[in-house]
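Quick notes on the structure that follows.
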Amino acid sequence: MTEQLLARFEREWLASLNDKQREVVENLQGPLLVLAGAGTGKTRVLTVRLAMLVIEKCAYPSQILAATFTNKAAREIVRRVESLLGADAHRMALGTFHSLSVRLLRRYGDAIGIRRDFTIIDTEDQVRLLKEILQDMSLVAERSSARGLVWCIQRWKDRALIPNSVPEEEAQMFAEGRAREVYRTYQKRLLALGACDFGDLILQCVELLRENNHILQECRERYRYLLIDEYQDTNIAQYLWMRLLAEGHKNLCCVGDDDQSIYGWRGAEVGNILRFEKDFPNAHVVRLERNYRSRPHILSAAAGLISSNKQRMGKTLWTEEDENASGGICGNAQELVSVRGFYDGESEARFIAEEIEALRRREQATYGEVAILVRTIAQMRVFEEAFLYHDIPYRVVGGARFYEREEIRDVVAYLRSCAQSADDLAFARIANKPARGIGSVSLRKLSYFARERGMPMQEAVDSAIEEGIVKGRAANALAELKNKLEGWRNDIERLPLRQLAEKIIEQSGYSYYWENKTDEQSRKENIRELFSALHEVENLENFLEHVALVADGEDGSEEGRVGVMTMHAAKGLEFDAVFLPGWEEGLFPMQRSLEEKGEKALEEERRLAYVALTRARKYVMVGHAQARRIFGQVRSNSPSRFITEIPKEVVEISDEREVRLSIKYDSSYQHKMHSALSHQQEELSSGHIARQSVQQVFAESRTKNSIKRKIGIFKAGDRCKHGQLGEGRVVAVEKNSLTVAFPNKGVYYIDPDYVVTID
DNA sequence: AGTCCACCGTTTTTT
DNA sequence: ACGGTGGACT
């Protein structure tokens, strides 16, 4: 650490922090809880703190541990620490809870019977495994009950409950009262398979640290300063994980915002924030309340809304007048949140598309600074269609994942079968893919036999054949496959990863499998993409870990496009202009969550609304549609109660419909709106339909149908346009989909709804 | 072993 | 409305 750097540190980084922020950076010893409201510069403070620990020589970088929830957040922090400290950033233990846990388990896991080369299974594998178990126990083994149990076991693991500690009444509620038994069997099978699910990564770490004092001591010695990001999202298991490591030195800094807790449904415990001060009694608490992101009207809207929540620690965001107002979009002149009503989801999407263009024209807004935040993924489709029609470039954040595609999972399963012979799940997946005469019956026989012997299927092949469990063609095919797998396994050390993978795909006949199917260009393309990713990884183990833990493939290449994403996916992001469609009772707040958990869920939905509003710097529009197609049926909804919870002083109401334009925004807005809507509903049903709405409905069904019908007029060689991918050429036409080649972007398998012909 | 049809569910989603 | 899926059927 040079004098120069130190001086620069003082001058630039510290000077740029406000008093509260500096308090975070200067209280390096002991427990510290930072309540950081939206847009209060959390990440910056947090990275400066990490740098400070090194500069003040509290610890070597390698003695600092920082846990985040997403890879994206981890990457961002590494990037920013790197800009402060350089290469030292990479010596810190900085990653997601899960990746840090994998590290610990690989190193110490054998103390609790977890093999060093354990594989990480995803939900699909979990479901398969549970179906098998349910079947063995003669319970209803359909997909939905298996999925229900996956969910249930995950929630138990979130609460750090091992089979024996699941409360009896909960165990009674599932699997005909035998849920505990199912869970226990499931864990046994995972152990035998040498596998962990996501919940295990945390839970097993907790068990490991609880039961092995020397390991615990070693870890505490090793990680002297801990930092936890998005603390409000931690579940109980993660809390215990963190507390185990922090007890002793107590150098623990947690950063979170109770108002942004939106993951309760997957086990997050806001209560962990209150628990912190109880478990670490002398904890220093800092509140960051000065907002550097949003204009005052947006802050007021968000603050007013969230004040309806009863369960809060209470923070008030504030901003200096005009502080967050410089440059770019000025929104409407009055600086108000615009609330608009529409006939239906389609006209809402159309309006937003036009409004985006207007913002561009009027305010020189760029596409990349605009986002559409929706409650459910289903709402995104209508925007894709509207943007396609209006030629607006967009990107869907968090859509179908690369590693979840069939062909990718297959190739990965081949690699898993090689890397770890005990991985029956992977073996079962590839055993008859391509078809080599190993039918489901033979495979099941082998599976039972292997389990009786307590050995992995691969290893059981020989004796199963000797004992005549499997015979004939299936036996030969199994023996051959097993030999091939052994051969490839010997190559793991010898060949570069990519060559190994190519060899496997070639010799197994898998590449021929897709070759053989016509019009599966994109499959092969995806496999090629996977192979190129293999270049960047050191070894097979790391690669498999990457596949399991890092779901997203995309990075920065998608800039300059309107973002379309769920409100959940938007957390941590910010945009100049944010459109929030679909604020209707039933959809947002969502009916189902209210039914399940009542008031608690309503408050979580409200926090989601708060998160959504606070993503915006300068402009927010909230939309609600009178009618919306949900599950194929047109449903009529009233405006969301959240709309009425936004202080009326910062709202500008307008309605795109010819309905009661005289409605003024006041406390009875919702009531009036509702009666206006039901009045129109009557008109609709009695045949006196407003002219405009009829035209709209027909116009829309026409465009929809014409797009639908287009599958018939596409033919190979046609030029076409896609909303995200731009112009391309049709390679092949199938029943319901097109294969389209986009120059420099690859070959994609595409739903014709998202493509229009050009010329 | 592959194809067809009826049925089901369809919030949010990271790891 | 729609796609995925599981079971029955060919």
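Owing to the predicted nature of the structure, the values given are computational and were not obtained by experimental measurement.
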Between [N] ([atom2]) and [X] ([atom1]): distance, integer Å:
{"X": "A:R628", "N": "C:dA1", "atom1": "CZ", "atom2": "P", "value": "17 Å"}
{"X": "A:R155", "N": "B:dT13", "atom1": "CZ", "atom2": "P", "value": "14 Å"}
{"X": "A:E406", "N": "C:dT5", "atom1": "CD", "atom2": "C1'", "value": "14 Å"}
{"X": "A:M567", "N": "B:dT13", "atom1": "CE", "atom2": "C1'", "value": "15 Å"}
{"X": "A:E124", "N": "C:dG4", "atom1": "CD", "atom2": "P", "value": "13 Å"}
{"X": "A:W241", "N": "B:dT15", "atom1": "CH2", "atom2": "P", "value": "15 Å"}
{"X": "A:K433", "N": "B:dA1", "atom1": "NZ", "atom2": "P", "value": "14 Å"}
{"X": "A:R444", "N": "B:dA1", "atom1": "CZ", "atom2": "C1'", "value": "15 Å"}

Point to revise | Donor-acceptor side-chain pairing of A:D200 and A:Q187 below 3.5 angstrom | key: yes
Exercise for review: Take nucleotides 7-12 of chain B nucleotide by nucleotide from the 5' end and write B, S or -, depending on whether a protein heavy atom sits under 4.0 Å from the base, only from the sugar-phosphate, or from neither.
Suggested key: ---BBB
Practice item. Let me know, please, whether A:F198 or A:R436 comes out on the 5' side of the other along DNA chain B by nearest nucleotide. Key: A:R436
Looking for any heavy atom pair under 4.0 Å, which part of the strands does [X] touch: base, sugar-phosphate only, or nothing?
{"X": "A:N432", "result": "sugar-phosphate"}
{"X": "A:K131", "result": "sugar-phosphate"}
{"X": "A:G439", "result": "sugar-phosphate"}

Study note, to complete from the structure: dist A:M242:CE -> A:C254:SG (nearest 0.5 Å) comes out at 4.0 Å
Practice item. Output the distance between atom CH2 (A:W241) and atom SG (A:C205), rounded to the nearest 0.5 Å. Key: 7.0 Å
Check your understanding: Relative to each other, are the rings of A:Y263 and A:H568 parallel, tilted or perpendicular (30° and 60° limits)?
Key -> tilted
Practice item. Identify whether NZ of Lys or CZ of Arg in A:R147 sits under 6.0 Å from the centre of the six-membered ring of A:W151 and within 45° of that ring's axis. Key: no
Review point. According to a strict under-4.0 Å criterion, is A:K571 in side-chain N/O contact with OP1 or OP2 of B:dT13?
Key: no
Review point. Within the structure, does a side-chain N or O atom of A:N235 lie under 4.0 Å from either OP1 or OP2 of B:dT15?
Key: no
Exercise for review: Answer with yes or no after comparing the ring centroid distance for A:H624 and A:F588 against a 6.0 Å cut-off, counting only values under it.
Suggested key: no
**Study point:** Heavy-atom pair with the smallest gap, counting every atom of A:R606 and A:L305
**Key:** CD-O, 3.3 Å
